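Keep in mind the model is a prediction, meaning the values are calculated, not measured. For this chain, numbers begin at 1 and follow the sequence in order.
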Amino acid sequence: MTWLRRHPLFLVIVAIPTLAALIYYGLIASDVYVSESRFVVRTPQPPLQAGLMGALLQGSPLGRSQDDAYSIHDYMLSRDALHAVDASLGVRRIYSDPHADFIDRFPGPAWWDDSFEALHRYWQKRVSVDFDNASSITVLRVRAFNAADAQRINDMLLQLAEKLVNDLNDRSRNDLIRFASGEVKVAEDRMKDAAAKLSSFRGKQALYEPDRQASLQLQGVAKINEELLSTEAQIAQLRQLSPNNPQIPSLVIKAETLRRGAAAENAKVTGGSGSFSSRAPDFERLALERTFADRQLATALAALETARSDAQRKQLYLERLVLPNLPDDALEPRRIRSILTILVLSLITWGVVSLLVASIREHAD
């Protein structure tokens, strides 16, 4: 006691804090139980290569999804997760247990601030999420004053994480399929519009296939020309052998009729307004639009099938590797280590302050 009176700094810096730590950790501090679980977030991958070598290169049909894992980690510590767990299990009631020590329970020494924001700050100290980049395994730890409460909160957080993964899957799948379905709808409307325009043109112009109809028309003109040549040859022969033959006038009339018929039929193909050649450009344009619309629809349908396949392939999976355990012993607080830590830090502080005081006194002398 005499030595302590001579060294008040030791009393203030070392003795009192260490004694307070002994009292708190030895008599007041409540036991804290830690429930731990482990999980991994994965996404399926298509096989790289068939056979044994492909299996060795692939390693696993499920690939890691670190970006999505970070999103889940952030969600577990978020206000939304706290709202959901509090509504289901009563987080405020669990951590405000009157049997727990007044310093460690919520709201702690700041008894006047029991807002949700204060609860969220307290929640982030009670829940920890650790991620291993090498293995992509996440370790979730939940601390509570009761072992069953810690396990239930841990399991509830995993359920919420699985629901979040399912929601992300549904949203991604719906977005992909909705976009692809919209493209199919646009292509279908374009195809129907092109088909309607082409059908209306055929009905108004009495034209189905200009090339085919023109070909048939030209075949008829060729037959008329053949018959015309035959008639003209017959006329020439009769005039040479029998100039006064009574068949010559009728054959001349027939030849003229055939000539006018050939000209009329040929005009239907290559004439002016109303001919096949004048109506063909409009028909070809409408037919080309119909062809493009059909191809666009086929491409959109293929894209829709691909989107459905990708939506199934790109799903996320949350796999529980270790289920939340029910701790049978309190891991925190680490009483002896905490007391020794305070003692060591106090001694270091006391040594530094003593050196400073001695230096000041020496400088003053």
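Note on R171 versus D167: no salt bridge recorded, every NZ/NE/NH1/NH2 to OD/OE distance being 4.0 Å or above. Ionic pairing of D132 and R38 is not present here: no N-O contact between side-chain nitrogen and carboxylate oxygen is shorter than 4.0 angstrom. Ion pairing of R105 with D101 is absent here, as no side-chain N (NZ or NE/NH1/NH2) approaches a carboxylate O to less than 4.0 Å. The existence of a salt bridge linking R93 and D86 is excluded, since no basic side-chain nitrogen approaches an acidic carboxylate oxygen closer than 4.0 Å.
Side-chain contact check for Q159 and D155: at least one donor-acceptor pair (N or O, by modelled atom type) lies under 3.5 Å. Under 3.5 Å, the side chains of Y33 and D149 contain no donor-acceptor pair of N or O atoms.
You'll find the side chain of L158 reaches within 4.5 Å of the side chain of R320, heavy atoms only. By the 4.5 Å heavy-atom criterion applied to side chains, I72 and L318 are counted as neighbours. M156 places a side-chain heavy atom less than 4.5 Å from the side chain of L89. At a threshold of 4.5 Å between non-hydrogen side-chain atoms, the residues L22 and I339 count as touching. When side chains are defined from C-beta on, D104 counts as touching F145, because their heavy atoms get closer than 4.5 Å.
The backbone N or O of D130 sits nowhere less than 3.5 Å from a side-chain atom of R141 that would complete a donor-acceptor pair. With hydrogens and angles disregarded, a donor-acceptor distance shorter than 3.5 Å links the side chain of R335 to the backbone of Y25. Between the side chain of Q151 and the main chain of S35, no donor-acceptor pair closer than 3.5 Å is present. Judged by distance alone, the side chain of N154 and the main-chain N or O of P324 form no donor-acceptor pair under 3.5 Å. The backbone N or O of R334 sits less than 3.5 Å from a side-chain atom of S338, completing a donor-acceptor pair. No donor-acceptor pair under 3.5 Å is formed between the side chain of S37 and the backbone N or O of L323. A donor-acceptor distance shorter than 3.5 angstrom exists from the side chain of S96 to the backbone of F106, with no hydrogens or angles considered.
None of W123, Y75, F116 except one satisfies the ring pair (Phe, Tyr, Trp, His ring centres under 6.0 Å) rule with H83; the exception is F116.
Summarising the local packing, CZ of R295 is surrounded by 12 or fewer heavy atoms from other residues, nucleotides or ligands at distances under 6.0 Å. Around atom CD1 of I336, no more than 12 heavy atoms belonging to other residues, nucleotides or ligands sit under 6.0 Å away.
Below 30°, between 30° and 60°, or above 60°: for F131 and H73 the angle between ring planes is between 30° and 60°, a tilted geometry.
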Requested in this report: Would you please test F10 and L347 for side chain to side chain contact (heavy atoms under 4.5 Å, CB included) and show each step?
Outcome: CA-CA 8 Å; F10 183 86; L347 289 172; 3.9 Å; yes
Report task. Any chance you could lay out the side chain to side chain contact (heavy atoms under 4.5 Å, CB included) test for V142 and V34, step after step, and finish with the verdict? Result -> CA-CA 6 Å; V142 177; V34 181; over 6 Å; no
Query raised in the report: Are V14 and L343 close enough, and set up right, to give a side chain to side chain contact (heavy atoms under 4.5 Å, CB included), and what steps lead you there?
Result: CA-CA 7 Å; V14 178; L343 176 60; 4.0 Å; yes
Requested in this report: Test side chain to side chain contact (heavy atoms under 4.5 Å, CB included) on V41 and T138 and set out the steps.
Outcome: CA-CA 9 Å; V41 179; T138 301; 5.9 Å; no
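Once rounded to the nearest 0.5 Å, the distance linking CG of L164 with CG of L157 reads 12.0 Å. One finds the CG atom of L119 at 9.5 Å from the CD atom of E117 (value rounded to the nearest 0.5 Å).
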